[in-house]
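Order of listing sets the numbers, starting from 1, for every ligand and every atom in it.
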Amino acid sequence: MGTRSAEWYGGAGRNSYIHRAWMRRGLPAHAFDGRPHIAIANTASDLTPCNSHLDEVAEHVKRGVWEAGGVPLNLPVVSLGETQVRPTAMLWRNMAAMAAEELLRANPVDGVVLLGGCDKTIPALLMAAASVDLPAIVVPGGPMLTGHFRGVPLGCGTDVWKLSEEVRAGTLTEAEFMRSESSMIRSRGHCNTMGTASTMGLLAEVLGMTLPGVAGTPAADSRLLEAAHASGSLAVEMVAEDRRPSAVMTRGSFLNAVVALAALGGSTNAVVHLLAIAGRLGVELTQDDFDRTGSGVPLLVDLLPAGRFLMDDLHRAGGLHAVLREVRDLLDPEAITVTGRPLVDWLGAARIHDPEVIRPRETPLLESAGIAVLYGDLAPGGAVIKPAAASPHLLRHRGPAVVFDSVEDFHARIDDPDLDVTPDSVLVLRGCGPRGYPGMPEVANMPLPAKLLAQGVRDMVRVCDGRMSGTAYGTVVLHVAPEAAAGGPLGLVRDGDMIVLDVDARRLDVEVPAEEWAAREPSPAMTKAFAAPSRGWERLYVETVGQANTGADLGFLTGSSGHPVPRDSH
Ligand code: FES
């Protein structure tokens, strides 16, 4: 079978002449003799600081591609800097995925190396690769090295909040706070806590989509460049063997990722991303799989935000493979990697070098980590809670609702001394789902009312149709589906309604007489706060985005469409 790129370059006609001639700017004639052309989907950008080193990584991928007899082609794709992009990078994840998919389909390429790092970039690239289903391999950009301030390690993101709280409490001067800024981001790479970027880089490997043993390698580590080289070579081999994402990312691979997500203590955002990637492939994966397969898995990794260490420590302690080896019996032995060999085949030599960072299976940090999926009056489509991050005494709770109609409403009233709120209240924030506040912002872990904080209250039950940062925790019910803006019952709750959370029973209900509930209408104040964009991507997004329980992808992008060669109009 000829290569896909040969459809462009083969033959002596005018069209193939044009395709070749313009590419001769740097490529020799033999580049068009039928050898694989490998795109390097590169999210390097000065506005995505976590990925700004990927141009250097791409150079090493190129060497590997040439060495294996392929032709490497740098393909800059949409990049999303989590800290820079407003209102939230998640609004643009699907756009990045769609753009990358279409660029891969439109261009004369046979395979692709995916370079990502910052939160949304690896999910978007995997969604694109799943849709176009060309042989693909991920090189995760890797986390930053650990920075220090006052002699102690700093966790990106997590410690920004801690230090700013210290300023508010008067235990840190503003000048010192400013001084910490240059210590926070010590090197190239993405956030070094177990946030979304770290989680998704590691899960890319568990899905089988990286060279085994690469994920979690710090961005500044020379071994990342060696891995980039080897990944370039492997991409050429994958084209020869026609090994595509649909063969690698099977249901078994996704269930392996669910197990790993729990053992790693990864971000809840991974639920939405994995559902979206599976949706692109047509692989059957539901939110319930996270509960069924993941909730009984032990937590083995002691990383910030919930724990003590950072990604550099995880790598030193044995890395992802040492973690996976502990839960090997829970992994699908058939699920293959980009190498063609099963993931479990690569775990034999792994060892835990620091049991403080990676706990052995016999002495886990928690017996049952993972995610619980709740259903009930308030969440007919399901909602998510991470019991390990919640306060045990709140896992069964009954309390009156204090309702906020939007993020703005929340900020305007939460610290009002007259707000009718007690430690037993349940804070409800709605209008923050994919449609209501496009992109589904990370606001579910609402800050507690100042007057309760002053009383020493440190956690309350919170319910929201939005997401929460991978670096946050608390008794937070999030991703409530359907969201209020999609007609979900969360939109009918009123102040004072009794809300009942029972995590053991997997329930989230409201105690309102059925007739009264049936007669309720959404409040105009709430519906007025929903987004109503008139044009552009945001409008397309709001009109077509699905709910969190299916990955919040655009409805018309689910299901793999493969890589037919487009018509030639030259
Ligand atoms: Fe890029 Fe945290 S800001 S990973």
Side-chain angles (χ1 to χ4, degrees), residues 42-55 57 77-93 96-97 114-126 138-147 153-164 180-205 210 215-221 224 261 264-270 272-273 303-307 309-315 320 439-443 445 467-473:
N42 187 354
T43 54
S45 162
D46 287 343
L47 279 164
T48 307
C50 303
N51 294 15
S52 59
H53 63 298
L54 292 179
D55 282 334
V57 175
V77 291
V78 175
S79 188
L80 299 169
E82 191 69 22
T83 51
Q84 313 305 105
V85 165
R86 291 184 180 181
T88 164
M90 184 64 174
L91 172 59
W92 316 106
R93 181 201 66 176
L114 308 167
L115 304 187
C118 198
D119 285 21
K120 307 300 177 291
T121 52
I122 285 183
L125 290 171
L126 282 172
V138 177
V139 180
M144 295 172 203
L145 298 176
T146 305
L154 284 178
C156 304
T158 310
D159 277 318
V160 178
W161 309 119
K162 281 191 193 154
L163 293 171
S164 62
S180 73
E181 192 174 289
S182 58
S183 314
M184 180 71 64
I185 307 303
R186 179 176 165 210
S187 77
R188 53 177 61 189
H190 61 66
C191 289
N192 56 10
T193 53
M194 187 57 80
T196 305
S198 299
T199 304
M200 291 310 300
L202 295 168
L203 294 189
E205 175 159 345
T210 74
T217 304
D221 193 312
L224 182 68
L261 175 63
L264 292 164
S267 160
T268 48
N269 283 322
V272 183
H273 296 320
L303 250 63
L304 277 169
F309 297 99
L310 292 162
M311 285 297 286
D312 206 0
D313 301 304
L314 177 64
H315 193 244
L320 176 66
M440 209 184 163
E442 295 179 328
V443 293
N445 53 310
R467 294 178 298 126
M468 100 175 162
S469 161
T471 60
Y473 58 103

Heavy-atom donor-acceptor pair, [X] side chain to [Y] backbone, under 3.5 Å:
X: R188; Y: A220; result: no
X: N192; Y: P143; result: no
X: D221; Y: P218; result: no

[X] heavy atoms, cut-off 4.0 Å: which ligand 1 atoms fall inside?
X: H190; answer: 4 (S)
X: E82; answer: 3 (S)
X: A197; answer: 4 (S)
X: T83; answer: 3 (S)

Quiz item: Would you say C191 reaches atom 2 (Fe) of ligand 1 with an N/O/S atom under 2.8 Å?
Solution: yes
Quiz item: Among T48, D46, T121, N42, whose side-chain hydrogen bond (donor to acceptor under 3.5 Å, both in side chains) with S79 holds?
Solution: T48
Exercise. Looking only at non-hydrogen atoms, find the nearest pair between A270 and L261 and report the distance.
Key: CB-CD1, 3.7 Å
Quiz prompt | Nearest heavy-atom neighbours spanning A219 and G142 | solution = CB-O, 3.6 Å
Self-check item: Residue portion contacting ligand 1 (non-hydrogen atoms closer than 4.0 Å) for C118
Solution: both
Quiz item: Near atom 1 (Fe) of ligand 1, is there an N/O/S atom from C50 that is less than 2.8 Å away?
Solution: yes
